[in-house]
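Some notes on the structure that comes next.
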Amino acid sequence: SARVSTFMNNQELHNHRIKSLLESDPSTNKEGLVEEFNILKNDFNTYKNNNNRKIAFASGIIIAVFSISKWIVTKIFQ
């Protein structure tokens with residue numbers, strides 16, 4: 001019975017430590033791991049969306065230049 005009680009107390013302390021790592025604490029301005037992960041995820045999604053726009057823009061420019069070049073070459077060699 002004493003060993004079970006000791007185990008339960010240790011488990012409760014362990015659970016409290018894990019909870020304090022995962023959850024934010026507004027009283028100390030400490031961000032928990034869950035909040036930090038969400039911030040990183042949002043930053044990554046923003047970067048990914050910006051990067052996709054840049055790739056799409058560059059692809060559009062390359063296609064336009066290729067199309068104009070092809071048109072010019074066909075006009076020259078007709």
Side-chain angles (χ1 to χ4, degrees):
S1 152
R3 287 187 348 192
V4 171
S5 178
T6 302
F7 172 78
M8 293 300 287
N9 288 337
N10 289 340
Q11 188 64 39
E12 192 172 312
L13 287 172
H14 181 71
N15 290 345
H16 179 70
R17 278 189 230 128
I18 291 174
K19 183 179 175 184
S20 68
L21 288 173
L22 294 176
E23 294 181 346
S24 299
D25 186 3
S27 64
T28 61
N29 253 358
K30 179 187 166 285
E31 294 176 345
L33 291 176
V34 173
E35 188 175 351
E36 288 178 11
F37 175 76
N38 286 333
I39 291 169
L40 287 173
K41 187 171 108 178
N42 290 338
D43 289 347
F44 174 76
N45 285 334
T46 302
Y47 168 76
K48 183 176 75 171
N49 290 337
N50 288 340
N51 206 26
N52 287 344
R53 287 188 194 122
K54 290 175 187 174
I55 291 170
F57 179 75
S59 298
I61 296 295
I62 291 170
I63 290 169
V65 167
F66 178 75
S67 299
I68 292 169
S69 300
K70 184 179 175 187
W71 179 78
I72 290 172
V73 168
T74 56
K75 290 294 178 184
I76 291 173
F77 291 112
Q78 274 187 344

Worksheet item: What closest approach, in Å, do Glu36 and Glu31 show between heavy atoms, and which atom pair accounts for it?
Response: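 Where Glu36 meets Glu31 most closely, the heavy atoms are OE2-O, 3.4 Å.
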Worksheet item: How far apart are the closest heavy atoms of Ser24 and Gly32, and which atoms are they?
Response: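 Smallest heavy-atom distance, with atoms named: OG-N, 3.2 Å.
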Item to complete: Linking directly or through intermediates, with side-chain heavy atoms under 4.5 Å: list the remaining ILVMFWY members grouped with Phe57, chain and number order.
Response: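 Ile61, Val65, all in the cluster of Phe57.
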Discussion item. My understanding is that a hydrophobic cluster links ILVMFWY residues whose side chain heavy atoms are under 4.5 Å apart, including indirect links. Using that, what else belongs to the cluster containing Ile72?
Written reply: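 The other cluster members (ILVMFWY side chains, heavy atoms under 4.5 Å, direct or chained) are Ile68, Trp71, Val73, Ile76, Phe77.
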For [X], enumerate each residue passing the side chain to side chain donor-acceptor pair (under 3.5 Å) test, keeping only those at least two apart in sequence or located in another chain.
X	value
Arg3	none
Ser67	none
Asp43	none
Glu23	none

Practice prompt. Please tell me if the side chains of Leu21 and Arg17 come closer than 4.5 Å, counting only heavy atoms from C-beta onward.
Written response: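 Answer no - side chains too far apart.
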For the atom pair [atom1] ([X]) and [atom2] ([Y]), what is the distance rounded to the nearest 0.5 Å?
X	Y	atom1	atom2	answer
Ile55	Asn50	CD1	CG	11.0 Å
Glu35	Asp25	CD	CG	11.0 Å
Ile62	Ser69	CD1	OG	11.5 Å

Item to complete: Spell out, yes or no, whether Leu33 and Ile18 are grouped together once hydrophobic residues are joined by side-chain heavy atoms under 4.5 Å, including indirect joins.
Response: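 Yes.
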Practice prompt. Name all residues meeting the side-chain contact (heavy atoms from CB on, under 4.5 Å) criterion together with Asn42; count only those two or more places apart in sequence or in a different chain, and write none if there are none.
Written response: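 If we apply the side-chain contact (heavy atoms from CB on, under 4.5 Å) test to Asn42, skipping adjacent residues, there are no hits.
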Could you list the donor-acceptor pairs under 3.5 angstrom formed between side-chain atoms of residues 5-12 and any protein atom two or more places apart in sequence or on another chain?
unit_1	atom_1	unit_2	atom_2	d
Thr6	OG1	Ala2	O	2.9
Asn9	ND2	Ser5	O	3.4
Asn10	ND2	Thr6	O	3.4
Gln11	NE2	Asn15	OD1	3.1

